[in-house]
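Below is one structure, written out as structure tokens; comments come after it.
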Amino acid sequence: MKTFITDDFLLYNETARELYNNTAKNLPIIDYHNHLNQYEMLEDKNFENLSQVWLGGDHYKWRGMRANGISEEYITGNKSDYDKFLAWAKTIPNTIGNPLYHWTHLELLRYFDIVEVFNEESAPAIWEEANAKLRSPEMSVRNLLKNKNVEFVGTTDDPTDDLKAHEDLAKEDIDFTVSPSFRPDNGLGIEKEGFLTWVEKLEQATNTSIESYDDFLSALEQRVNYFDERGCRSSDHGINVIFFENATKNEVSAIFAKRQKGEALSEKEVEQFKTYTLVTLGEWYAEKGWVMQLHINPLRNNSTRMFKLLGPDSGFDSIGDRLLADKLSGLLNAMDFNDKLPKTVLYSLNSRDNNVLAAMAGNFQSDEVPGKVQFGTAWWFNDTIDGMEDQMKTLANIGLISNFIGMLTDSRSFLSFPRHEYFRRILCNLLGTWVEQGKAPKDMKLLETYVRNICYENAKRYFAI
């Protein structure tokens, strides 16, 4: 059976088709937040088979396979790559209505020109055809990015990372920019078991001794400078539960000293440490012109049994439901009070928070940077047709969708970039629907400006690319 993805896929009116084909389709891609492996980009790796590039590390697919009753040995276990691929082929016919169904077929079509619907029957031939192409030089990692017109890749990096791969990539003659992103979650997680071990890693990275909170801040600032010198444009923070608790530096210094001694901290003390530290980081980001991304409200590692077996980021996270408005307001206001709030992108894994984030963004705008505080794109479990439409409608209702910085993949897969096509089709269809319903004029020049800016220009300006 041939693919259902036609030229008009997700484009349900003439205005949508014009906007996509004339403007969105060929714009470069700025993927400002993902989890791609910079060492594989430096090596210009060729993957051996479709299972490695498709299923390795992709917890979206892993969750789908588990929901289909696939044994873990075919997901993260020791079964062969081909057996895992067949398990995915068995699962995919059951995913209609899930974006995995669309992503899978878009990736087969756009990377391999494979037009067959993917299932157990078609899987053996698809395996052979895709693998033969994957091994060719034209399908190396760098060419996968180049051929999808990727202009910018923002990776995710711990402050203690040496960024050697980024340094080497910057010297290479490649057609895209690879930029590190500063992800200091380990430095904020003072309540976590591994915090002091991470502080030791920070000591090694900075060649300093951290005996006090002042030393800790000094080491973090050194790493901010280190990242900045190597092309960093953004920080990223995974925040399970939003926090805000006022504290003086002396109070936080005492809290840090308690933790160094192995003493237990109260919930208030943990929040005071996190608040003071993140506010300080945010002020440094503002000085550097960086973007601060806050990813809020995941509920992580729900299955203790599977966490002990596989570790984090294995497909056992879900949506949190903690309220965030008051504390998020306090956190942003603490940075804004002295006019040191950086450009900030707000995401929540709970779509219930969409109105809150869209409204919150409007409190802290600037005449220097249009859309300085962004209500970020639909994230993770919201990265669906309905989720993306809802995020964009909410932003348009409460803020200005014209200044929206658009889509990111948040992916670990080098085959994930058709997700930008997915987003662009949904955006064009939404704008086209508003025109067809009489909610907007069919001013193609204006509409094309919206599409160009949301898909490309706004992010390029916002991240100073």
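For clarity, every value in this text was computed on a predicted model and none was experimentally measured. Just the heavy atoms: all of them, side chains too, but no hydrogens, waters or symmetry mates, feed the values below.
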Test ring pair (Phe, Tyr, Trp, His ring centres under 6.0 Å) applied to His237 and Tyr285, step by step: CA-CA 13 Å; His237 299 262; Tyr285 303 157; 5.8 Å; yes
CA sep, side-chain torsions, deciding dist, call: Ser413, Asp58, side chain to side chain donor-acceptor pair (under 3.5 Å): CA-CA 7 Å; Ser413 171; Asp58 191 339; 5.4 Å; no
Glu251/Tyr276 under side chain to side chain donor-acceptor pair (under 3.5 Å): CA gap, chis, key distance, verdict: CA-CA 10 Å; Glu251 288 174 320; Tyr276 193 96; over 6 Å; no
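Crowding of Arg322 atom CZ: a count of heavy atoms from other residues, nucleotides or ligands under 6.0 Å not exceeding 12. Heavy-atom neighbours of Asn207 CG from other residues, nucleotides or ligands within 6.0 Å: at or below the threshold of 12.
Classification of the Phe463-Tyr32 ring pair by plane angle, with boundaries at 30° and 60°, yields parallel.
Nearest heavy-atom pair, Val224 versus Trp284, reported as atom, atom and distance to 0.1 Å: CG2-CE3, 4.1 Å.
Distance CG/Leu431 to NZ/Lys439: 12.0 Å, rounded to 0.5 Å. The OG1 atom of Thr206 lies 10.5 Å from the CZ atom of Phe216; values are rounded to the nearest 0.5 Å. Residue Lys340 holds its NZ atom at 9.5 Å from OG1 of Thr280, rounded to the nearest 0.5 Å. Separation of atoms CE (Met360) and CD1 (Ile398) is listed at 11.5 Å; rounding is to 0.5 Å. Atoms NZ and CG, on Lys171 and Leu42 in that order, are 10.5 Å from each other to the nearest 0.5 Å.
Classification of Arg17 and Glu14 as a salt-bridged pair holds, one side-chain N sitting under 4.0 Å from a carboxylate O. A salt bridge does not link Arg142 to Asp175: none of the charged side-chain nitrogens sits closer than 4.0 Å to a carboxylate oxygen.
Each of Arg424, Arg419, Arg425 was compared with Glu421 under the salt bridge (Lys or Arg N to Asp or Glu O under 4.0 Å) criterion, and only Arg425 meets it. Each of Gln38, Arg183, His35 was scored for a side-chain hydrogen bond (donor to acceptor under 3.5 Å, both in side chains) with Asp157, with one residue passing: Gln38. For the pairing with Trp103, the ring pair (Phe, Tyr, Trp, His ring centres under 6.0 Å) check across Phe423, Tyr111, Tyr60 returns one residue only, Tyr60.
Between the side chains of Gln374 and Tyr462, no donor-acceptor pair of N or O atoms lies under 3.5 Å. Between the side chains of Thr160 and Asp158, a donor-acceptor pair is found at a separation under 3.5 Å. Defined by atom type and a distance below 3.5 Å, a donor-acceptor pair is present between the side-chain atoms of His295 and Asp236. No hydrogens or angles considered: a donor-acceptor pair under 3.5 Å links the side chains of Glu211 and Ser209. Side chains of Asp31 and Thr409: a donor on one and an acceptor on the other come within 3.5 Å. With hydrogens and angles left out, the side-chain atoms of Trp380 and Asp317 include no donor and acceptor closer than 3.5 Å. Looking only at atom types and distance, the side chain of Ser351 has no donor-acceptor partner in the side chain of Asn354 under 3.5 Å away. One side chain, Asn225 or Lys288, offers a donor N or O that lies under 3.5 Å from an acceptor on the other.
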